Amino acid sequence: MSQLAQPSDAGAAPRQLSRAKLIIAASLGNGLEMFDFTVFSFFASIIGALYFPSETPYGSLLMAVGVFGVGFVMRPLGSMVLGAYADRAGRKAAMLLTITLMGLGTAMIALAPTHAQIGIFAPLLILAGRLLQGFSAGGEIGASTALLMESAGSHDRGFYVSWQVISQGASSLLGAACGALLTSTLSQEALHAWGWRLPFLVGLAIIPVGLYIRRKVEETYSGHEAQRHSSDAARNPVSIFLREHLRQFVLGLAIIMAATLLTYIILFYMPTYMTRVSHLSPTTAYLMSVLTSLMLIISALVAGLALDRLRQHKRLAIGSLLVAIVLVYPTFVLLADPATLWLAMISRLFLVAAMGFNMTAGLLLIIEALPRPVRATGMAMTYALGVALFGGTAQFVVTWLLEVTGNPMSPAWYLIVMLLISLAAFATFRERHFD
């Protein structure tokens, strides 16, 4: 095993970068990818109408969220390829590659002509862009989270890792703010003609900044030296992870499921749900998402600090998940009645706060239980497959349930059942703390 540029204290911050610059470098890619996913989710109705014409609005929306979900199919492949690359070539090299691939996928979506302009090639371009985004996202979380944890000391790992969740909240906040601004200032014609592309172009413009910052990152681990001494661990981290950590992998998938479903249903899908089921204006729905994104940022930061102080990762994760389970059904009930809109908003804010605590604790619980030679691979594979199975299907399943049952509470029951399964996984997961 080799540690690059590590001082005698393995948890000391890299010498060449301040803690703030390191956190930005590690969390920027995840934030940008989540920003693109958020924007796609928020503008799913417009993208569906422009690229997937159908006789019914639900038909176009189903095809759009279906393509949104297809992008997640590439996440497991990206996690194996790019996660293993991070464990061999280093966290820095993998992070540079993932942000470059993300930029290419974003450009394809932002600049794609519509179905009315080039026919079938238009949805194919959107599909290709989503597949490329999914591939890069599959490897991003493993490399960047490993870098954050390995750059932290044993007393502040929670704070460092929490920035992965904070970056998701910030990206959702920026996406929701863009949605609120565009829907309130542009006409429907302008929004459909070019307005929906602006957020993707904003994300694309930040790519060069991300590349520059990540080139300055000091490496924390590379498998090149280990490869000369142990061919299995260094050359085939995927194989050793599956062979030696299979139980942890399966339980990790169920752990990731909770945060994933809460994120993609409560945070990302909710604007679409509120406009179609609760009949709120898009601007109001987006403004509500701005508040929930702020709550995710705050709760993740508080959770990270609490994890470092209390050192009770598992208990904090289980407690926050129990709170989320209790709040799901009342939140959907209150949303269905315009008279209880503000009560619904308060309930949703508490639900997102519980999600922030659970997501932060879950990430730290999983990555601390992985040794360095397979850390990026194991984290990437667990997160990517969990998100692919549950996040990639969440919006499609919820939209399908609403159309088939006609019951606005059907998403709540689906979410409650899945969260109970995740609760059992947290309870049986073995907590470990590797350096």
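Everything numeric here is computed off the predicted structure, so don't read it as measured data.
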Q: Report yes if the side chains of P123 and H115 come closer than 4.5 Å at any heavy-atom pair, otherwise no.
A: yes
Q. If you measure from the Lys or Arg side-chain nitrogens to the Asp or Glu carboxylate oxygens, is any gap between E140 and R91 under 4.0 Å?
A. no
Q) Looking only at heavy atoms, which two atoms of L242 and L246 are closest? And how far apart? A) O-CB, 3.3 Å
Q: Work out which heavy atom in L349 is nearest to a heavy atom in L291; give both atom names and the distance.
A: CD2-O, 3.6 Å
Q: Considering non-hydrogen atoms only, spot the tightest contact between L385 and P76 and give its length.
A: CD1-CG, 3.8 Å
Q. When you look at M257 and L419, which way does the side chain to side chain contact (heavy atoms under 4.5 Å, CB included) test go after all the steps?
A. CA-CA 8 Å; M257 176 179 68; L419 293 185; over 6 Å; no
(Q) Atom CZ of residue position F121 - does it have more than 12 heavy atoms of other residues, nucleotides or ligands inside 6.0 Å? (A) no
(Q) When you compare the side chain of R247 with that of T428, does any pair of heavy atoms fall below 4.5 Å? (A) yes
**Q.** Nearest non-hydrogen partners of L316 and A303, listed with the distance
**A.** CD2-O, 4.3 Å
**Q.** Y51/W196 aromatic ring centres below 6.0 Å
**A.** yes
Q: Kindly give the heavy-atom pair with the smallest separation between A425 and L251, and that separation in Å.
A: CB-O, 3.8 Å
Q. So do F429 and Q248 actually touch side chain to side chain, heavy atoms under 4.5 Å?
A. yes
Q) Are side-chain N/O atoms of Q168 and T263 paired as donor and acceptor at under 3.5 Å? A) no
Q | Main-chain N/O of A376 paired with D87 side-chain donor or acceptor, under 3.5 Å | A | yes
Q. Does a side-chain N-to-carboxylate-O contact under 4.0 Å join E368 and R157?
A. yes
Q: Begin with the C-alpha distance, continue with both residues' side-chain angles, and end with the deciding distance and a verdict on side-chain hydrogen bond (donor to acceptor under 3.5 Å, both in side chains) for Q164 and S144.
A: CA-CA 8 Å; Q164 289 290 45; S144 58; 2.6 Å; yes
(Q) If the condition is side chain to side chain donor-acceptor pair (under 3.5 Å), which residues does S320 pass it with, not counting sequence neighbours? (A) none
Q: Report the relative orientation of the aromatic rings in F241 and H245; use parallel for angles under 30°, tilted for 30 to 60°, perpendicular for over 60°.
A: parallel
Q.
Suppose we screen for side chain to side chain contact (heavy atoms under 4.5 Å, CB included). Which residues come up paired with A205, at least two apart in sequence or across chains?
A. none
Q: Using atom types as modelled and distance alone, determine if a side-chain donor or acceptor of S239 lies under 3.5 Å from a backbone N or O of N236.
A: no
(Q) If you define the side chain from C-beta out and look only at heavy atoms, does anything of D36 sit under 4.5 Å from P199? (A) no
Q: Considering non-hydrogen atoms only, spot the tightest contact between L111 and R197 and give its length.
A: C-NH1, 3.7 Å
Q) Hey, what do you get for CD1 (I366) to CD (E431), rounding to the nearest 0.5 Å? A) 12.0 Å
Q. With no hydrogens and no angle check, is any side-chain donor or acceptor of N30 less than 3.5 Å from a backbone partner on I141?
A. no
Q.
Quick check for you: to the nearest 0.5 Å, what is the distance between I255 atom CD1 and L321 atom CG?
A. 10.0 Å
Q) Are any of the side-chain nitrogens in E218 or K92 under 4.0 Å away from the carboxylate oxygens of its partner? A) no
Q. Any side-chain heavy-atom pair from M295 and V352 closer than 4.5 angstrom?
A. yes
Q.
Within the supplied structure, the quantity of interest is the number of heavy atoms (other residues, nucleotides, ligands) at a distance under 6.0 Å from F249 CZ; does it exceed 12?
A. yes
Q: Evaluate side chain to side chain contact (heavy atoms under 4.5 Å, CB included) for L82 paired with F135, printing each intermediate quantity in order.
A: CA-CA 9 Å; L82 298 175; F135 183 83; 3.9 Å; yes
Q. Counting N and O atoms only, with roles assigned by atom type, does the side chain of D156 sit under 3.5 Å from a partner on the main chain of F159, one being a donor and the other an acceptor?
A. no
Q: Please report the C-alpha distance between S167 and W163 in whole Å, then the side-chain angles of each, then the deciding distance to 0.1 Å, and finally whether the side chain to side chain contact (heavy atoms under 4.5 Å, CB included) criterion is met.
A: CA-CA 6 Å; S167 69; W163 283 92; over 6 Å; no
Q. Just wondering, do F200 and L204 contact through their side chains at under 4.5 Å, heavy atoms?
A. no
Q: In sequence, state the C-alpha distance, the side-chain angles, and the governing distance for S79 and R75, and then conclude on side-chain hydrogen bond (donor to acceptor under 3.5 Å, both in side chains).
A: CA-CA 6 Å; S79 72; R75 278 179 175 253; over 6 Å; no
(Q) Just to verify, what does T360 make a side chain to side chain donor-acceptor pair (under 3.5 Å) with, not counting sequence neighbours? (A) none
Q. Quick one: are L22 and L147 in side-chain contact, heavy atoms under 4.5 Å?
A. yes
Q) Out of curiosity, L370 CG to R432 CZ, how far, rounded to the nearest 0.5 Å? A) 9.0 Å
**Q.** Pairwise side-chain contact, F357 with V323, heavy-atom cut-off 4.5 Å (strictly under)
**A.** no
Q) Within the side chain of T382, is there an N or O that forms a donor-acceptor pair under 3.5 Å with the backbone of M379? A) no
Q: Carefully, step by step, assess R375 and E150 under the rule side chain to side chain contact (heavy atoms under 4.5 Å, CB included).
A: CA-CA 10 Å; R375 180 168 292 154; E150 291 163 1; 3.1 Å; yes
Q) Roughly how far apart are L132 CG and L104 CG, rounded to 0.5 Å? A) 5.5 Å
Q.
To the closest 0.5 Å, what do you measure between CG (L96) and CG (L101)?
A. 11.0 Å
Q: Without swapping roles, check the side chain of T377 against the backbone of V374 for a donor-acceptor pair under 3.5 Å.
A: no
(Q) Return the CD1 to OG1 distance between I266 and T292, rounded to the nearest 0.5 Å. (A) 9.5 Å
